[in-house]
Number of protein chains: 2
Amino acid sequence: MAYRQTNRVKEKLDLRKKEIIKAAREVFAENSYQGTSIKALAKKAKIATGTFYLYFSNKDALINMIVDEMFQELLKSIKNERAKFTDGFDKLKASMEACIKLFIKEKNMAKILLVQVPSVNNAFNAKLVEIENELIKLTKEDLDELKSQGRLPGEDTLVSAMAFVGSFHQVIINWLREGKPENLEEAFETLMKYNIRGLGK
Amino acid sequence: MAYRQTNRVKEKLDLRKKEIIKAAREVFAENSYQGTSIKALAKKAKIATGTFYLYFSNKDALINMIVDEMFQELLKSIKNERAKFTDGFDKLKASMEACIKLFIKEKNMAKILLVQVPSVNNAFNAKLVEIENELIKLTKEDLDELKSQGRLPGEDTLVSAMAFVGSFHQVIINWLREGKPENLEEAFETLMKYNIRGLGK
DNA sequence: TAATAAAGTGAATTGCGATTCATTTTATAA
DNA sequence: TTATAAAATGAATCGCAATTCACTTTATTA
């Protein structure tokens, strides 16, 4: 016998896998998921097309991994920021601020996630919807808590949560798509005011 | 010479074209635009696949015609309802009510337009974005008018308009996707209250 | 009713991009 | 240094769906 994968090689492979993901994020953001062939992706990642399949079973596996990573990062960031507050309104604000900050930091990633929203395949679409619904659910929990404290009017918190998340979604989408509003952080302040009033504080 | 298209035939062709569009709306709503082949569409429309190309130059031409029709219907409906009012807030409410009513009436259509949002091709995507932006623009005009009357705080009306439209968008999307909220008309009332407060009336 | 043109048909073609695979290169260990 | 297994390569294959086209059917008019 002669050859057992050594640590040095393992690290090299790990690195290369990360490079492929990085390249994928870039080309997917430039073109779209659908619009980029494995060939083009491979070119960007500086590997042969066949090599791609040594790292991912297929194109879907790749996009799923990317979306999962994004989702995890988003949730982690939200949880981190929320932990700093106890008041319901503060937590709500912290959540959305975490989103905004992450999107600013990872604009490319956000484009894939939010702008391209490709109906690519059911599994992928379902994942995006799941993320959105998770955010709505988290928001609804905050609203229910505030409502139980008598700090919000007795309206349907599900609809309010959707309105809340939807308003952010729309502004972020437009910012990603056409750069309007120019300053997302500034828009965030307006948006928060809008929604806090909307909730009926 | 022998044969000139007669009126009877012209009408038959017109009818068939409409049937194809109707069938397309149905299958696109069931599966997606991308997910339905011309063959499947033809089957639904009870024509041969080749016949499709006698009516449309290609698949894109079809979806563009459908989206255009939807857009026209939506704008017409909005304008109709708005014309009944002069007060800014009333016009705003009338616009959104017109949207909601049309979406309820044309749920299938709405699914294609809003849920599938396929990144299919740039031209198509651009059209969807255009529709959304048009709505935001119309809303912004209303807000600017209200602002000039001193009936709204001095915040960025573009961001407010996006928040307004986005909140509706989100609720409608969720209603289409998973049937929550169950009663869209009821949600509409909550949403209007939310947004009127949000605007800072 | 016969000649002709429009309308319709669906199997065959085409094109495109994901995936495979025979071959080459690189890394490991005896 | 050599034998062997892993990793990489990219041209060839495969599959799928849009589009075409040779042929059939239907409608019109002389």
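Residue numbers begin at 1 in each chain, while the letters A, B, ... track the order of the sequences.
Among C:dT9, C:dA7, D:dT19, the nucleotide with an atom closest to any side-chain atom of B:Asn58 is D:dT19. Comparing D:dA8, C:dG10, C:dT19 by their closest approach to the side chain of B:Ala48 singles out C:dG10. For B:Gln5, the side-chain atoms get nearest to C:dA6 when compared with the rest of C:dA6, D:dA6, D:dT20. With D:dT19, D:dA8, C:dT9 as the candidates, the nucleotide lying closest to the side chain of A:Thr51 is D:dA8. When distances are taken from the side chain of A:Leu13 to each of D:dA27, D:dA7, C:dT20, the shortest belongs to D:dA7.
Within the 4.0 angstrom heavy-atom criterion, only backbone atoms of the sugar-phosphate kind lie near B:Ser37; the bases stay farther away. Contacts of A:Lys46 with the nucleic acid, taken as non-hydrogen atoms under 4.0 Å apart, are absent. Among the protein residues, A:Tyr55 comes within range of the sugar-phosphate backbone only, with heavy atoms under 4.0 Å from sugar or phosphate atoms but none that close to a base. In this structure, B:Ser57 reaches neither bases nor backbone, as no heavy-atom distance under 4.0 Å exists between it and the strands shown.
Rounded to whole Å, the distance from CD1 on A:Ile38 to C1' on D:dA11 is 16 Å. To the nearest angstrom, P of D:dA7 lies 13 Å from NZ of A:Lys17. Remark: P of C:dA6 and CZ of B:Arg8 are 17 Å apart, rounded to the nearest angstrom. One can place NZ of B:Lys10 at 13 Å from P of C:dA6, the figure rounded to the nearest angstrom. Atom CD1 in B:Ile47 sits roughly 21 Å away from atom P in D:dT24 (whole-Å rounding). Atom CG in A:Leu41 sits roughly 20 Å away from atom P in C:dC16 (whole-Å rounding). Distance CG (A:Asn7) to C1' (C:dA27): 14 Å, rounded to an integer number of Å. Spacing between atom OH of A:Tyr53 and atom C1' of D:dT13 amounts to 13 Å, rounded to whole angstrom units.
In the model, B:Glu132 has no side-chain atom that pairs as donor or acceptor with a side-chain atom of A:Asn174 under 3.5 Å. Inspection of the A:Asp68 and A:Gln72 side chains reveals no N or O donor paired with an N or O acceptor under 3.5 Å.
Residue order along DNA chain C, read from the 5' end via each residue's closest nucleotide, puts B:Val9 first among B:Thr49 and B:Val9. If B:Gly50 and B:Arg4 are placed on DNA chain D by their nearest nucleotide, the residue sitting closer to the 5' end is B:Gly50. Between A:Leu54 and B:Lys39, it is A:Leu54 whose nearest contact on DNA chain D lies nearer the 5' terminus.
For the pair A:Lys17 and A:Phe56, the cation sits on the ring face: its NZ or CZ lies under 6.0 Å from the ring centre, inside 45° of the axis. In this structure, A:Lys39 forms no cation-pi arrangement with A:Phe52, as its terminal cationic atom is not both closer than 6.0 Å to the ring centre and no more than 45° off the ring axis.
Here B:Lys84 does not pair with B:Asp90 in a salt bridge; the nearest charged N to carboxylate O distance is not below 4.0 Å.
A sub-4.0 Å separation between OP1 or OP2 of C:dA7 and a side-chain N or O of B:Lys12 is absent. A:Arg16 has a side-chain polar atom (N or O) that falls below the 4.0 Å cut-off from OP1 or OP2 of D:dA8.
Classified by interplanar angle (parallel below 30°, tilted 30° to 60°, perpendicular above 60°), the ring pair B:Phe28/B:Tyr33 is perpendicular.
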